Number of protein chains: 2
Amino acid sequence: MQFSKSTGYALHALVYLAGANPGTNLGIRELAEFLGVSESYLSKVMSKLRQGGLVRSAPGVSGGYELAHPAGNITFRAVIEIVEGRQPLYECARFEEHRHSLFRKQGARGHAARECLVQSVMNGAEQELQAYLRAHTIQWVLDNARLSKHANTRG
Amino acid sequence: MQFSKSTGYALHALVYLAGANPGTNLGIRELAEFLGVSESYLSKVMSKLRQGGLVRSAPGVSGGYELAHPAGNITFRAVIEIVEGRQPLYECARFEEHRHSLFRKQGARGHAARECLVQSVMNGAEQELQAYLRAHTIQWVLDNARLSKHANTRG
DNA sequence: ATATTGTGGATATAATTGATCCGCGATCGG
DNA sequence: CCGATCGCGGATCAATTATATCCACAATAT
C-alpha cells in the first residue's frame, strides 16, 4: 500500500516545471537529470501527464514540456489520479453478494443500503485522503518553498 | 495503490468473530467458508492478526480463534497496520538529498525543515486517512449493521 | 535535409501479492 | 497413552504489478 515512484516523479517534475520561467519548454533530459531518474522512464510518466491534460509537450529542437494550467489549478489529487489510475483504495471482493446481515447497513428510510459496512468505512477514509489532496496544489509547494530567487508573491 | 485483499479478509473476519458468541472459538474452516477464501490463505492472515495481538488462537480439537480485545478497542487502523505493515503511504526516493530549494520548507524559527514539501503534503494526507481509520472500530460495524438477532445495546 | 526531441509499442526485469502444500507441535477426547 | 483435530510457519509457486529500457516513428526548428 504505497504510492508508486512514478507518482513521486510526476509531482516533483510538475513542481520543477512550475518553478521554471513561464513560456520555456524544459526537455526530458534536464528533468530526468534533476530528478535522478532515467529519461526513458520519466518520459512515460510525462506522457501520462500530457494525456491527462496537465502538461503540454512540443517535439523538435527546442521542444519539451510546460504546464498546461496555472500551478494553482493542479491539485495533488489530479496528479495522483492520472498516474495511479482511478481504482478505489479498497474494494470488497465478493462480500457484496454475502447475505449475512453483519455487513449490511440498516436501511433507514428508503436508503439504498447496498454497500458493505467495511467498504463504507474504507470509502470514508479515502474521501478524507482525497479531500486533503484536492486542497493542495503544485502552487502550494512553491508558496511554501524557501526560494532563493525572488518569489512571485511580492517582489 | 490499493489495500491488499488480505486486509479485506482480516477486517471481515474480525467482524465475524466479533459477531459470534463470546467465549467460543471459531475454526479456520468456518471462517474461510464464510468469507469465500481458502483455509490455507486465510490462516496466514489470521496468524498475522494473532502476532499483532488482535486475536487469540487455540490449537486442538475445539480450537480456533477469538478476539483478544473488545471489538470497540480494535480500530481499522490497527488491523491495516498489522496486515499491510508499517510502511508510509509515500516516501521521497532521493529528493531529500536534493539541494534544490524548490522542495525545502522555509526554516521558520529554528524549525527542522528537513522534509521535502511534496513529502509533507503526502504525509498530511496520510494523517487524515489514518485519523479516520482510528476513529472506526470493528464494533462500529456491528453497531451499524442490520442485525437480525437482538443487538447488545439494549435488547 | 538533418539533427533534435517527444510518442508509443514492445519487451525485459524486479518486486509484490495471492495462493497452496506439508511437516510440526499443541490440545482434547477416549 | 493414542490418535484425530487444528493452528503454525517455512517453503514454494503463480499471477499481477511496478520498474526500467530500447527502438522505430513523427513532428519541429534551423
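Both backbone and side-chain heavy atoms feed into the values below; hydrogens, waters and symmetry mates do not. Computed from a prediction, not measured in an experiment: that's the story for all the values here. The sequence lines fix the lettering, A, B, ..., with proteins before strands; numbering per chain opens at 1.
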Is it true that the side chains of B:Ser4 and B:Tyr9 contain a donor and an acceptor less than 3.5 Å apart? no

Which class fits the ring pair A:His136 and A:Tyr132: parallel under 30°, tilted 30 to 60°, perpendicular over 60°? parallel

Taking the nucleotide of DNA chain C with the closest heavy atom to each, which residue, B:Gly60 or A:Gly64, is nearer the 5' end? A:Gly64

By the 4.0 Å heavy-atom rule, please label A:Gln87 as base, sugar-phosphate, or nothing. nothing

Nearest to the side chain of B:Lys5 - C:dA19, D:dA29, D:dC8? C:dA19

Picking from C:dG18, C:dT5, C:dG8, which would you name as closest to the side chain of A:Arg29? C:dT5

In whole angstrom, give the distance that lies between atom CG of A:Leu49 and atom P of C:dG6. 14 Å

Looking only at the side chain of A:Gln51 (C-beta and beyond, no hydrogens), which of the listed nucleotides C:dG8, C:dA19, D:dT21 gets closest? C:dG8

Minimum-distance nucleotide to B:Ser38 side chain [options: D:dG7, C:dT20, D:dT28]: C:dT20

So, under a plain 3.5 Å distance rule, would you say the side chain of A:Lys44 forms a donor-acceptor pair with the base of C:dG9? yes

Which listed nucleotide (D:dC8, C:dT5, C:dT7) is nearest to the side chain of B:Ser57? D:dC8

Spacing between A:Glu84 atom CD and D:dT19 atom C1', to the nearest angstrom: 13 Å

What's the OH-P distance between A:Tyr41 and C:dA12, to the nearest Å? 18 Å

Report the C-alpha separation of A:Glu30 and A:Tyr16 in whole Å, then their side-chain angles, then the decisive distance to 0.1 Å, and conclude whether the side-chain hydrogen bond (donor to acceptor under 3.5 Å, both in side chains) test is met. CA-CA 10 Å; A:Glu30 178 176 350; A:Tyr16 190 61; 2.8 Å; yes

So which heavy atom on B:Asn144 is nearest to which on B:Trp140, and how close? OD1-O, 2.8 Å

Provide, to the nearest angstrom, the distance between the CD atom belonging to A:Glu39 and the C1' atom belonging to C:dT4. 12 Å

For C:dT7, does OP1 or OP2 lie under 4.0 Å from any side-chain N or O of A:Tyr65? yes

Within this structure, what is the CD-to-P distance between B:Glu30 and D:dG7, rounded to whole angstrom? 11 Å

Tell me whether A:Glu33 is salt-bridged to A:Arg29, with the criterion being a basic N under 4.0 Å from an acidic carboxylate O. no

Looking only at side-chain atoms of A:Ser4, point me to the closest of C:dG6, D:dA20, D:dA18. D:dA18

For A:Ala68 and A:Arg56, which heavy atoms make the closest approach, and how far apart are they? O-NH1, 3.7 Å

B:Gln2 CD to D:dA18 P, straight-line distance once rounded to whole Å: 9 Å

Given atom CG of A:Asn25 and atom P of C:dT7, what is their separation to the nearest angstrom? 11 Å

Does a side-chain N or O of B:Ser43 approach OP1 or OP2 of D:dG7 to a distance below 4.0 Å, or not? no

Under 4.0 Å, heavy atoms only, any strand: does B:Ser40 hit a base, just the sugar-phosphate, or nothing? base

Starting at atom CZ of A:Arg50, determine the distance to atom C1' of C:dG8, rounded to an integer number of angstrom. 10 Å

Between C:dG25, C:dT7, D:dC8, spot the one nearest the side chain of B:Pro59, thanks. C:dG25

Need to verify one output field. Residue with the more 5' nearest nucleotide on DNA chain D, B:Leu26 or A:Ser62? B:Leu26

